[in-house]
Amino acid sequence: MNRTVKLYNTMSRRAEEFTPTGDVVKMYVCGPNLYAPCHVGHAMSYIVFDVLRRYLEYCGFEVRHVQNFTDIEDNIINRAQAQGVSIEELSEQHVEQFFRDMAPLNILKAHVYPRATHEIPTIIEMVQRLIENGHAYQANGDVYFRVQTRTGYGKLSARDLDSMLAGARIEPGENKEHPGDFTLWKASKPGEPAWDSPWGKGRPGWHIECSAMSLKYLGHPIDIHGGGQDLIFPHHENEVAQSESYSDDQKPFVRFWVHNGLMRLAESEEKMTRHLGNLVPINEVVQRYGGDGLRMFVLNSHYRSPITFSEESLESAKRGAERLRIAVNTAAGDADPPVDAAPFKQRFLDAMDDDLNTAGALASLFDLAREINRARDEGRSADEAQAAAREMAGVLGLTLVEPQRVDRAGAEPFIELLVELREDLRCAKQYELSDKLRVRLAEIGVILEDGAAGTRWRTRG
RNA sequence: GGCGACGUAGCCAAGUGGUAAGGCAAGGGUCUGCAAAACCCUCAUUCGUGGGUUCAAGUCCCACCGUCGCCUCCA
């Protein structure tokens with residue numbers, strides 16, 4: 001399927017038609033630092049890039065998806081020391097947690113998950129090259145990137161060195177030539193994890209790992225580099241500087257920079273970052289609103305807009321997901337004319353083409369759901385339309401399966417039995433008892449619906 | 001201080017020149033023993049405020065008010 005997908009590129013600050021360089025779309029998404037569990041803000045980012053990947057694949061592109069894990073960095077070292085464990089143990093624990101958190105969100109797995117500590121030789125080679133071509137220098141075992149050699153420094157984040165210096169937060173650092181220079185390699189203190197290098201024992205700086213790993217696993221230029229807007233500066237700006245300097249500006253580093261807006265908390269209005277201790281764990285949200293609920297919440301607004309986490313919005317999203325689920329999963333009749341999903345699908349795809357307008361795409365999906373429900377009420381056929389709706393929901397990564405609060409398979413015979421007993425009670429007009437059964441089942445997550453064709457039941461999270 | 005966003009109904013939110021999508025909530029109705037679900041109807045003459053451009057502006061320009069983000073810990 002040949003579609004024209006437009007994507008907003010942070011570098012050019014406008015939406016551009018997306019085309020890959022080769023047969024395969026090379027997509028690199030910045031992963032988490034492994035010193036604390038992921039929070040809902042991370043979930044938002046991974047949901048956004050999951051939808052981007054799903055849509056590109058839907059459009060017929062083959063996507064090679066790489067996501068790093070940062071497993072060496074100050075926070076990890078500090079946290080590991082505080083807990084009396086090695087950085088390997090700490091990272092391993094959070095990698096496992098990461099996959100446990102992502103599974104219910106229906107996030108497709110990346111093809112490669114490189115880790116900084118496994119890529120030390122590549123990193124060293126890269127730093128060495130940067131020193132050779134004059135873009136980096138060593139000082140007392142540290143290696144810094146020389147910001148002033150790059151005329152384009154600041155092009156991604158739309159700022160220049162002078163205006164950055166106007167801000168008060170740049171620390172000069174005694175070893176740096178220029179306050180804006182950043183660390184490529186950091187000499188280790190006694191007791192810290194360290195690797196041998198031409199500059200002595202040390203460890204990589206934060207930014208260099210992504211340049212090294214994207215080069216190794218995808219090759220430059222990469223088509224899409226994604227992450228949260230908080231990474232634009234300094235992280236991604238520095239990646240651009242070092243990666244393009246590495247090839248002496250022979251190769252652009254990234255063709256499309258894609259950044260999602262950030263999530264913040266309603267009450268405190270504070271961004272949910274872990275250093276503020278103000279985080280909402282993913283599993284807690286999933287338990288209350290379901291994976292689809294969280295996804296709906298994220299996709300109901302544009303990925304570049306900031307969103308505010310609130311119970312009300314999550315509840316609203318959860319209810320919406322339920323509405324779609326019922327529309328798609330409840331059997332309709334077989335009379336003519338069947339529902340024609342084509343115009344809804346068209347609207348859906350047009351919205352997705354337009355810089356991933358998931359809110360617009362969802363609107364079309366909801367309209368289709370109404371058509372399906374209407375047809376069902378009229379006894380008309382909706383099988384194909386339901387299949388189309390499932391396909392559209394699938395592009396958005398919505399599962400539309402019932403939440404697993406009740407072990408459906410195990411409980412089924414017993415629920416059926418209760419439904420049957422309740423039918424008998426209703427026939428005998430024993431409504432007090434039959435209503436009690438319905439109420440009690442609802443409390444444990446089983447919803448009964450009495451219709452003309454008998455009683456249907458479903459589960460609810 | 002520098003750079004950049006945003007302000008659309010009770011809440012969330014789409015919509016970048018042609019006369020306001022969608023979801024949630026609310027009210028009325030159909031169906032039902034009662035519910036639930038679903039369907040139908042109602043719910044912004046109006047898009048922070050004031051000017052301007054235009055035949056036409058939520059959409060472009062200017063000013064003002066307000067909210068928020070980034071400025072080397074951050075998805």
Side-chain angles (χ1 to χ4, degrees), chain A residues 13 29-33 35-36 38-49 73-75 78 154 157-160 162-171 173 179-183 205-207 226-235 237-238 259-264 269 271-276 296-297 300-302 304-308 310 312-324 326-327 330 347 351 354 357-367 369-370 372-378 426 429 431 434-435 438-439 442 447-452 456 458 460:
Chain A
R13 276 171 278 283
V29 179
C30 274
N33 285 2
Y35 70 95
C38 288
H39 52 70
V40 270
H42 292 101
M44 173 187 184
S45 191
Y46 301 127
I47 287 171
V48 164
F49 290 103
E73 164 268 353
D74 288 356
N75 287 312
N78 295 337
S157 51
R159 60 188 79 198
D160 55 70
D162 293 341
S163 71
M164 278 185 265
L165 291 172
R169 290 175 62 179
I170 293 186
E171 290 171 27
D181 290 350
F182 57 90
T183 311
W206 173 38
H207 313 298
Q229 281 173 353
D230 53 345
L231 296 180
I232 295 173
F233 189 86
H235 187 51
E237 189 68 62
N238 291 350
H259 292 100
N260 62 277
L262 303 183
M263 184 187 284
R264 55 174 188 263
E269 291 297 320
K271 196 177 54 171
M272 273 176 287
T273 52
R274 348 178 227 218
H275 61 285
L276 291 175
M296 284 284 284
F297 167 64
N300 185 45
S301 59
H302 190 90
R304 281 189 286 113
S305 302
I307 59 177
T308 305
S310 75
E312 200 182 357
S313 297
L314 265 294
E315 184 61 34
S316 160
K318 177 188 179 179
R319 299 277 308 168
E322 214 166 74
R323 178 175 166 75
L324 291 182
I326 290 168
T330 309
R347 249 178 74 210
D354 183 14
N357 182 353
T358 51
L362 271 174
S364 177
L365 188 50
F366 275 110
D367 283 340
R370 170 168 290 112
I372 290 169
N373 288 333
R374 188 179 295 158
R376 189 179 54 236
D377 281 2
E378 293 166 0
R426 291 179 70 219
K429 299 209 186 299
Y431 292 124
S434 69
D435 287 355
R438 187 173 59 198
V439 169
I447 307 296
L448 301 191
E449 294 176 355
D450 301 322
R456 274 200 303 254
R458 64 192 166 87
R460 184 173 196 274

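Both backbone and side-chain heavy atoms feed into the values below; hydrogens, waters and symmetry mates do not. Below, chains carry the letters A, B, ... as their sequence lines are ordered, and counting in each starts from 1.
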Under 3.5 Å for both donor-acceptor distances, Watson-Crick or wobble: does [N] have a partner, and if so which one?
{"N": "B:G1", "value": "B:C71"}
{"N": "B:C43", "value": "none"}
{"N": "B:G22", "value": "B:C12"}
{"N": "B:G7", "value": "B:C65"}
{"N": "B:A56", "value": "none"}
{"N": "B:U30", "value": "B:A38"}

From the options [options], select the nucleotide whose nearest atom is closest to the side chain of [X].
{"X": "A:N33", "options": "B:C74, B:G33, B:A13", "answer": "B:C74"}
{"X": "A:R323", "options": "B:C24, B:A75, B:A21", "answer": "B:C24"}
{"X": "A:R374", "options": "B:A38, B:C34, B:C40", "answer": "B:C40"}
{"X": "A:F366", "options": "B:C68, B:G23, B:A13", "answer": "B:G23"}
{"X": "A:D435", "options": "B:A37, B:C74, B:G33", "answer": "B:G33"}
{"X": "A:R426", "options": "B:A38, B:C34, B:C24", "answer": "B:C34"}
{"X": "A:R458", "options": "B:A75, B:A37, B:A21", "answer": "B:A37"}
{"X": "A:N238", "options": "B:U72, B:A38, B:G23", "answer": "B:U72"}
{"X": "A:N300", "options": "B:U72, B:A38, B:C12", "answer": "B:C12"}

If the plane angle is over 60° it's perpendicular, under 30° parallel, otherwise tilted; pick one for A:H42 and A:Y46.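 The rings of A:H42 and A:Y46 lie parallel, inter-plane angle below 30°.
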
Measure up the A:H235 and A:H207 rings against each other and bin them: parallel (under 30°), tilted (30 to 60°), perpendicular (over 60°). tilted

Just to be sure I understand the rule, does [X] reach a base, reach only the sugar-phosphate, or reach nothing, if contact means heavy atoms closer than 4.0 Å?
{"X": "A:D74", "answer": "nothing"}
{"X": "A:E449", "answer": "base"}
{"X": "A:L365", "answer": "nothing"}
{"X": "A:A158", "answer": "sugar-phosphate"}

Roughly how far apart, to the nearest Å, are [N] and [M] at atom [atom1]?
{"N": "B:C74", "M": "B:G17", "atom1": "C1'", "answer": "40 Å"}
{"N": "B:G33", "M": "B:A44", "atom1": "P", "answer": "35 Å"}
{"N": "B:C62", "M": "B:C40", "atom1": "C1'", "answer": "47 Å"}
{"N": "B:G58", "M": "B:A20", "atom1": "C1'", "answer": "8 Å"}
{"N": "B:C39", "M": "B:A25", "atom1": "P", "answer": "13 Å"}
{"N": "B:A26", "M": "B:G10", "atom1": "C1'", "answer": "8 Å"}
{"N": "B:A21", "M": "B:C47", "atom1": "P", "answer": "15 Å"}
{"N": "B:A56", "M": "B:C24", "atom1": "P", "answer": "39 Å"}

Measure the distance from [atom1] on [X] to [atom2] on [N] and round it to the nearest whole Å.
{"X": "A:L231", "N": "B:G4", "atom1": "CG", "atom2": "P", "answer": "20 Å"}
{"X": "A:E237", "N": "B:C74", "atom1": "CD", "atom2": "P", "answer": "15 Å"}
{"X": "A:D367", "N": "B:C39", "atom1": "CG", "atom2": "C1'", "answer": "15 Å"}
{"X": "A:L262", "N": "B:C70", "atom1": "CG", "atom2": "P", "answer": "7 Å"}
{"X": "A:E322", "N": "B:A36", "atom1": "CD", "atom2": "P", "answer": "13 Å"}
{"X": "A:D377", "N": "B:A36", "atom1": "CG", "atom2": "C1'", "answer": "14 Å"}
{"X": "A:I307", "N": "B:A13", "atom1": "CD1", "atom2": "P", "answer": "8 Å"}
{"X": "A:D230", "N": "B:A75", "atom1": "CG", "atom2": "P", "answer": "6 Å"}

Can you tell me whether the side chain of [X] and the base of [N] have a donor-acceptor pair closer than 3.5 Å?
{"X": "A:N357", "N": "B:G15", "value": "no"}
{"X": "A:R438", "N": "B:A35", "value": "yes"}
{"X": "A:D450", "N": "B:C34", "value": "yes"}

Nearest heavy-atom contact between A:L262 and A:M44 is C-SD, 4.3 Å

At less than 4.0 Å, is any side-chain N or O atom of [X] found next to OP1 or OP2 of [N]? Yes or no.
{"X": "A:R456", "N": "B:A37", "result": "no"}
{"X": "A:R347", "N": "B:A14", "result": "no"}
{"X": "A:R370", "N": "B:G23", "result": "yes"}

Test item: side-chain donor near acceptor, A:R376 and A:N373, under 3.5 Å: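 On atom types as modelled, these side chains qualify, holding a pair under 3.5 Å.
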
Should the pair A:R438-A:D435 be classified as a salt bridge under the 4.0 Å nitrogen-to-oxygen rule? yes

Nearest 0.5 Å, what's the CD1-CZ distance between A:I326 and A:R456? 9.0 Å

Rounded to the nearest 0.5 Å, what separates atom OG in A:S301 from atom CG in A:L362?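 If we round to the nearest 0.5 Å, A:S301:OG and A:L362:CG are 10.0 Å apart.
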
Taking the side chain as every heavy atom from C-beta outward, state whether A:N238 and A:W206 have any atom pair closer than 4.5 Å.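 Of all side-chain heavy-atom pairs linking A:W206 with A:N238, none is under 4.5 Å.
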
For residues A:M263 and A:F297, determine if any side-chain heavy atom of one lies less than 4.5 Å from a side-chain heavy atom of the other. yes

Both A:V29 and A:H302 contact RNA chain B. Taking the nearest nucleotide for each, which residue is further toward the 5' end?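 On the 5' side of the pair lies A:H302.
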
For A:G451 and A:S301, find the nucleotide of RNA chain B closest to each by heavy atoms; which residue's nucleotide sits nearer the 5' end? A:S301

